[in-house]
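Hydrogens, waters and symmetry mates play no part in the numbers below; they use all other heavy atoms, side chains included. Owing to the predicted nature of the structure, the values given are computational and were not obtained by experimental measurement.
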Amino acid sequence: MPLKKWHRGQLINEVELDNTQNWRNAHLKILSDAYSQSPFFFEMIELVKRVFSHDFDTLDQLSVVSTKEIIEAGTFSSTISRTEFKSIS
């Protein structure tokens, strides 16, 4: 996905997505083209569509929603909690 200005070492909750671009549809097409013949394709693409149906401003928001959707789609249980963000370097 396209990002607005970012730099190495920036906190993930500070990395802004560039929502002026149609990155969701582009990503769905890439995934469809690459995995349409794969087992569980329909389950995977529906999960991605659920993730992409949310509004995100930052990379951490996308990450949290993605993780929650993966857990909810699975057969296991887990708890997600926000912790202090660390710098990615």
Side-chain angles (χ1 to χ4, degrees):
M1 69 267 337
L3 306 174
K4 292 183 180 179
K5 294 179 184 177
W6 66 279
H7 57 84
R8 187 178 183 142
Q10 187 174 6
L11 298 177
I12 191 171
N13 65 327
E14 297 173 348
V15 178
E16 294 182 55
L17 301 175
D18 184 355
N19 288 313
T20 63
Q21 299 184 42
N22 193 6
W23 62 268
R24 287 174 174 87
N25 285 343
H27 275 63
L28 283 171
K29 181 172 177 2
I30 290 167
L31 291 170
S32 293
D33 291 347
Y35 296 106
S36 63
Q37 301 303 313
S38 299
F40 307 107
F41 167 75
F42 293 105
E43 293 85 351
M44 178 273 299
I45 206 72
E46 288 305 313
L47 186 145
V48 173
K49 287 179 181 179
R50 285 195 307 273
V51 170
F52 285 179
S53 71
H54 296 270
D55 293 323
F56 310 109
D57 294 317
T58 59
L59 194 54
D60 74 315
Q61 293 169 348
L62 173 60
S63 178
V64 168
V65 170
S66 298
T67 303
K68 286 181 179 179
E69 288 290 343
I70 290 168
I71 289 171
E72 289 175 10
T75 57
F76 54 91
S77 62
S78 182
T79 302
I80 299 175
S81 62
R82 279 188 105 126
T83 59
E84 182 179 334
F85 288 97
K86 303 265 186 223
S87 176
I88 300 173
S89 54

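The aromatic rings of Phe52 and His27 stand perpendicular to each other, their planes meeting at an angle above 60°, with 30° marking the opposite boundary.
In this structure the side chain of Leu3 never reaches within 4.5 angstrom of the side chain of Asp18, judged on heavy atoms. Glu16 places none of its side-chain heavy atoms less than 4.5 Å from the side chain of Phe56. You'll find the side chain of Leu17 stays beyond 4.5 Å of the side chain of Thr58, heavy atoms only. Looking only at side-chain heavy atoms (C-beta outward), Leu47 and Phe40 stay at 4.5 Å or farther from each other.
Residue-environment remark: CZ (Phe41) exceeds the threshold of 12 foreign heavy atoms within 6.0 Å.
Judged by distance alone, with hydrogens and angles left aside, the side-chain atoms of Glu14 form no donor-acceptor pair with the main-chain N or O of Gln10 at under 3.5 Å. A side-chain donor-acceptor contact under 3.5 Å links Ser32 to the backbone of Leu28.
The minimum heavy-atom distance between Glu69 and His54, with the atom names listed, is OE2-NE2, 3.9 Å. In this structure, Met1 and Leu59 approach most closely via the heavy-atom pair SD-CD1, 3.9 Å. Annotation for Trp6 and Val15: closest pair CB-CG1, 4.3 Å, computed over non-hydrogen atoms.
Cluster membership check: Phe42 shares its hydrophobic cluster with Tyr35, using side-chain heavy-atom separations under 4.5 Å among Ile, Leu, Val, Met, Phe, Trp and Tyr.
Going from atom CG of Leu11 over to atom CG of Asp60 covers 9.5 Å, rounded to the nearest 0.5 Å. The CD1 atom of Ile71 sits 11.0 Å away from atom OG of Ser66, with the distance rounded to the nearest 0.5 Å. One finds the CD1 atom of Ile30 at 11.5 Å from the CH2 atom of Trp23 (value rounded to the nearest 0.5 Å).
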